[in-house]
Amino acid sequence: MAVGLSTPAPLVGRLQTPSAASRTAAVIGAGWAGLAAAVGLTQAGLSVTVFEMAPVLGGRARTVVSARHRGDNGQHILIGAYRASLDLMRQVGVAPEEVLLRAPLSLQDAHGRGLRLTDGNAALAFARAVLGLRAWPLTERLALLSRCAAWAAMGFRCDPALSVERLCSGLSPALRTELLEPLCVAALNTPAHEASASVFLRVIRDALIGGPGCADLLLPRVPLGSLLPDAAAHWLESRGAQVIRRARVQALDRRDAGWAVDGRAFDTVVVACTASEAARLARPHAPDWASLADGLRHQSILTTYVQCDDARFRHHPMARLDSGPAQFAFDHGWLSGTPGMFAFVASAADSWMTNGLADAEAAVLAQAQALFRTCGAHGSPRVAHSVCERKATFACTTRLRRPPARIAHALWAAADYVAGPYPATLEGAVRNGVAAARAAAEPAADAP
Ligand SMILES: Cc1cc2nc3c(=O)[nH]c(=O)nc-3n(C[C@H](O)[C@H](O)[C@H](O)COP(=O)(O)OP(=O)(O)OC[C@H]3O[C@@H](n4cnc5c(N)ncnc54)[C@H](O)[C@@H]3O)c2cc1C
């Protein structure tokens, strides 16, 4: 982590005003959305208290420390287009270039087969990479590029009822299984047949035409706690904000023009907790909002850490896998200096979890054994540990109705599932956190 960078522009876009200085704000939940909101509100000059029910901050992107083990709750990746997340990291003193490994977008397998972009303009690099990929017949490559051009001509927008599978219909099975479906499941954590094409196109748009480096993969080299939450807590506390851990908020009640959080009065509140908890707290005051939050379906992600001492990926730290359960594997020798340790990630893993974790883990181990054999490794892989997050993300399906940012007067929601253009990602969470802070810091924008 690097401190002492030049001070970035404030997230909320305005500095302390006399009226803000006497106002108080509560943030309920300290995932990336809650931390973004708390930083924004502190910058705007409010006196901020963060309530987090867990002993550690970070929510669904956290480092867990127990007597037996220290590790993340699952492998995460960012892309260069995640500007709000990168800005927030800089704001609290983390240098993204030190904690993230930047690599060109690659959907190659462990043998270096498949699509890989080169540096430079992402749209051109994508077209070059597709044209150069001789494993796909020329007609298929041209069909893909012409389909991408058609998406661009539509402004990367489409009917909200369209699924990714339908969006890609007519393209060859190889294009779908080696490129579009892995991209879809990695970005939306939702299988292509039910995933929202309009959200998928938005992610593609930001990666391909968002500017230099937007399509790059940014892979954490440090535990998730060091990527943002630890530095954000330090930043907040050193500016007088209170961060209270192991504090599950039980009740939210109206108090004059503001709110009482478990009996403590605040002028404004940002609810940045999980959808079910937010629905529970909001239901007495905004039942329609609570129904939308409660109605979201979720998808699981299984991350299995496999040790195989003499194995390593030669081409890229991340490899696409052909069979299931995992769609990608990450070489932590390359990423975090732990040679022989690999994270196998199975997104949208619900169907693999029907017979329980042990069965799913055994299936990943079989996948790892087959993979490492083809890589020439002689050691026998073993599972170090697995984490299955049953409610990793909301299912980003077609025609999805997400709850809006405003719950009630002086009561704002910030979390990845709040309405917005992004799927359930760190970037979606941070953008919604910044937006909630901006709204909560500006009472005039929220007349009762
Ligand atoms: C295994 C896994 C892999 C993922 N991979 C990626 C990836 O590669 N790239 C990517 O961009 N995204 C990924 N995601 C998604 C990403 O982690 C989430 O979108 C993001 O962390 C959501 O942040 P959030 O702040 O909206 O919510 P959360 O992180 O869920 O934060 C909510 C917080 O509220 C707290 N809380 C709940 N109830 C209360 C209460 N009553 N009182 C006080 N506190 C409360 C919770 O403890 C939690 O800390 C992944 C998620 C998982 C689980």
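Counting convention: from 1, in listed order, for ligands and their atoms alike. Computation of the quantities below employed the complete heavy-atom set of this structure, encompassing side-chain atoms and omitting hydrogens, waters and symmetry-equivalent molecules. When a residue number appears, it is its place in the shown sequence, counting from 1.
- Close approach of ligand 1 to Arg280 is summarised as follows: ligand atoms under 4.0 Å from at least one heavy atom of the residue are 41 (N).
- Counting only distance, with no hydrogens or angles, the side chain of Asp350 and the backbone of Ser300 share a donor-acceptor pair below 3.5 Å.
- In terms of polar-atom proximity, defined here as any N/O pair under 3.5 Å, Arg248 makes no such contact with ligand 1.
- Scanning the protein for heavy atoms near atom 38 (N) of ligand 1, the closest one is Glu277 CG, 3.2 Å.
- Annotation: Glu427 places no N or O atom under 3.5 Å from an N or O atom of ligand 1; distance criterion only.
- Atom numbering of ligand 1 starts at 1 in the shown order; those under 4.0 Å from a heavy atom of Gln75 are 3 (C), 5 (N).
- Within the 4.5 Å cutoff, no side-chain heavy atoms of Val56 are placed close to those of Val64.
- In terms of modelled atom types and a separation under 3.5 Å, the side chain of His316 and the main chain of Pro104 share a donor-acceptor contact.
- Residue contact check for ligand 1: Thr274 places a non-hydrogen atom closer than 4.0 Å to it.
- Contact annotation: the side chain of Phe51 never approaches that of Val269 to less than 4.5 Å [non-hydrogen atoms, C-beta and beyond].
- Taking all atoms of both residues into account, the shortest heavy-atom contact from Arg245 to Val243 is NH1-O, 3.6 Å.
- The closest protein non-hydrogen atom to atom 35 (C) of ligand 1 is Glu52 OE1, 3.3 Å.
- For atom 6 (C) of ligand 1, the nearest protein heavy atom (residue, atom name, distance) is His76 CD2, 3.3 Å.
- If you take OG on Ser386 and CZ on Phe344, they are separated by 11.0 Å, rounding to the nearest 0.5 Å.
- The shortest N or O to N or O distance between Trp32 and ligand 1 is under 3.5 Å.
- Applying the 4.0 Å criterion to heavy atoms of Asp416 picks out, from ligand 1, the atoms 18 (C), 19 (O), 22 (C), 26 (O).
- Salt bridge annotation for Glu52-Arg62: absent, with no cationic side-chain nitrogen under 4.0 angstrom from a carboxylate oxygen.
- Heavy atoms of Ala186 found under 4.0 angstrom from ligand 1: none, in either backbone or side chain.
- Side-chain contact between Ser291 and Arg283 is absent, with no heavy atoms from C-beta onward closer than 4.5 Å.
- Scanning all heavy atoms of the two residues, the minimum distance from Arg312 to Asp331 falls at CA-OD2, 3.4 Å.
- Tyr82 places none of its side-chain heavy atoms less than 4.5 Å from the side chain of Val430.
- For ligand 1, the atoms lying closer than 4.0 Å to a non-hydrogen atom of Ile301 are 1 (C), 2 (C), 3 (C), 4 (C).
- Atoms of ligand 1 found under 4.0 Å from any heavy atom of Gly29, numbered from 1 in the order shown, are 33 (C), 34 (O), 35 (C), 44 (N).
- Nearest to atom 44 (N) of ligand 1 among the protein's heavy atoms is Met53 N, 3.2 Å.
- Contacts of Tyr82 with ligand 1, taken as heavy-atom pairs under 4.0 Å, involve the side chain alone.
- Leu365 places none of its side-chain heavy atoms less than 4.5 Å from the side chain of Thr304.
- For Ser85 and Glu427, the side-chain atoms include at least one donor-acceptor pair closer than 3.5 Å.
- Each of the atoms 25 (O), 26 (O) of ligand 1 lies under 4.0 Å from some heavy atom of Ala33.
- A 4.5 Å side-chain heavy-atom check between Gln299 and Ser347 finds every atom pair outside the cut-off.
- Considering only non-hydrogen protein atoms, atom 29 (O) of ligand 1 sits nearest to Arg60 N, 2.7 Å.
- At a 3.5 angstrom cut-off on N or O pairs, Gly74 does not count as close to ligand 1.
- Proximity of Ala272 to ligand 1, defined as any heavy-atom pair under 4.0 Å, is confined to the backbone N, CA, C and O atoms.
- Under a 4.0 Å N-O distance rule, the pair Glu178/Arg113 does not qualify as a salt bridge.
- Remark: minimum distance from atom 31 (O) of ligand 1 to any protein heavy atom is reached at Gly31 CA, 3.5 Å.
- The closest non-hydrogen atom to atom 10 (C) of ligand 1, taken over Val345, Asn432, Leu426, Leu302, comes from Leu426.
- The protein heavy atom nearest to atom 23 (O) of ligand 1 is Ala429 CB, 3.6 Å.
- At a heavy-atom cutoff of 4.0 Å, ligand 1 is contacted by no atom of Gln299, backbone or side chain.
- Between the side chain of Arg202 and the backbone N or O of Ser198, no donor-acceptor pair lies under 3.5 Å.
- The nearest heavy-atom contact from the protein to atom 15 (C) of ligand 1 is Ala424 O, 3.8 Å.
- Every atom of ligand 1 is numbered from 1 in the order shown, and the set under 4.0 Å from a heavy atom of Ala247 is 42 (N), 43 (C).
- Which parts of ligand 1 touch Ile28 is read off a 4.0 Å heavy-atom cut-off, strictly below it: atoms 42 (N), 43 (C).
- Considering backbone and side-chain N/O of Val249, one or more are found under 3.5 Å from N/O of ligand 1.
- Looking at Arg166 and Thr398, their side chains never come closer than 4.5 Å, going by heavy atoms from C-beta outward.
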